[in-house]
Amino acid sequence: AQSVTQPDIHITVSEGASLELRCNYSYGATPYLFWYVQSPGQGLQLLLKYFSGDTLVQGIKGFEAEFKRSQSSFNLRKPSVHWSDAAEYFCAVGPTGFQKLVFGTGTRLLVSP
Amino acid sequence: DAGVIQSPRHEVTEMGQEVTLRCKPISGHNSLFWYRQTMMRGLELLIYFNNNVPIDDSGMPEDRFSAKMPNASFSTLKIQPSEPRDSAVYFCASSQGQGNTEAFFGQGTRLTVV
């Protein structure tokens, strides 16, 4: 069965600093991978997805993620964090795309002034 | 489009009562998903529908939970009887087509069972 691990429960980053959120997955075949963001009291918003092709994918709000098959990782990055990026971030894997998504436990991002 | 609409946003009920959560998917979307979010278990897929038909309900925790989709614009998730451990945020999401199209999430219903 597929699973997703987000090893960092909380991360604090200074505004303007770079960000990397870690995600490792377990899946027997080529996975479909996703990053979602959840602001307080809100639903989940898709940041980016990887289905195939270029392993570096660009998303909304200046985020990108890199799929590394050898490391079973799909880490999320942003070169310069803004205070509005404070939220919870979820990595997910889906065997058939957006259906039957399996989510990680999330990483809460705090942005300090 | 207004997006996926869930109601109510908050629900507080007593143990043993029936609870019904509602979801209106985005118009034209033919796949609908119910997720549950708890501190202990994170986000879990409960059930999903395609063209109003339940495709996979393996995530439904027990028989107290049931979901219906009587038409393309409405779905319900019912818990009867409710228990305190059902307290969670329940999300509905919808997508158009098969698995490669984005699933859009509603704002969720926060359920508290006391």
Side-chain angles (χ1 to χ4, degrees), chain A residues 1-10 21 23-27 29-53 57-61 63 65 87-108, chain B residues 1-10 21 23-26 29-51 53-60 88-111:
Chain A
Q2 60 267 27
S3 65
V4 177
T5 301
Q6 293 181 248
D8 304 307
I9 298 175
H10 297 99
L21 302 182
C23 172
N24 292 95
Y25 67 90
S26 174
Y27 185 60
T30 300
Y32 297 94
L33 296 161
F34 310 83
W35 274 100
Y36 280 85
V37 61
Q38 183 181 27
S39 298
Q42 301 297 312
L44 283 78
Q45 181 182 22
L46 180 69
L47 286 175
L48 47 79
K49 65 182 185 288
Y50 172 78
F51 279 6
S52 65
V57 293
Q58 302 296 320
I60 62 171
K61 304 185 180 186
F63 286 92
E88 189 146 20
Y89 292 80
F90 293 91
C91 182
V93 62
T96 57
F98 284 96
Q99 298 181 353
K100 299 196 72 171
L101 294 179
V102 174
F103 285 87
T105 50
T107 297
R108 183 168 297 279
Chain B
D1 199 312
V4 176
I5 300 173
Q6 293 187 245
S7 64
R9 290 294 310 278
H10 302 272
L21 311 182
C23 175
K24 176 178 169 56
I26 293 173
H29 284 193
N30 62 351
S31 293
L32 184 139
F33 312 86
W34 282 101
Y35 285 87
R36 179 173 68 175
Q37 185 178 35
T38 62
M39 291 293 292
M40 292 298 295
R41 301 175 66 88
L43 272 158
E44 305 171 280
L45 177 65
L46 300 179
I47 185 171
Y48 81 88
F49 296 82
N50 189 249
N51 293 323
V53 175
I55 302 300
D56 187 337
D57 65 355
S58 60
M60 296 287 263
V89 180
Y90 291 81
F91 287 102
C92 177
S94 71
S95 69
Q96 184 178 43
Q98 297 301 316
N100 60 348
T101 52
E102 180 178 351
F104 292 85
F105 283 74
Q107 292 186 298
T109 294
R110 180 174 295 277
L111 173 65

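In what follows, every chain begins at residue 1, and chains take the letters A, B, ... in the order their sequences are listed. Atom set for the values below is all heavy atoms of this structure, side chains included, hydrogens, waters and symmetry mates excluded.
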So, the part of B/Q37 with a heavy atom under 4.5 Å from chain A: the answer is side chain
Turns out that what part of B/R110 lies under 4.5 Å from chain A's heavy atoms comes down to neither
Among A/T105, A/L46, A/L44, the residue with the most heavy-atom pairs under 4.5 Å to chain B is A/L44
Across all chains, not counting sequence neighbours, the side-chain contact (heavy atoms from CB on, under 4.5 Å) partners of A/V102 are A/Q2, A/V93
The side-chain contact (heavy atoms from CB on, under 4.5 Å) partners of A/I9 (sequence neighbours excluded) come to none
With the side chain counted from C-beta on, respond yes when B/Y90 and B/C23 share a heavy-atom pair under 4.5 Å apart, and no when they do not.
no
Whatever's closer than 4.5 Å to a heavy atom in chain B on A/Q45 counts as neither
So, the part of A/Y32 with a heavy atom under 4.5 Å from chain B: the answer is neither
Review point. Taking the inter-plane angle between the rings of A/F103 and B/Y35 on a 0 to 90° scale, is it parallel (under 30°), tilted (30 to 60°) or perpendicular (over 60°)?
Key: perpendicular
- Task: Name the orientation class of the two ring planes belonging to A/Y36 and B/F105 (parallel below 30°, tilted from 30 to 60°, perpendicular beyond 60°).
- Result: perpendicular
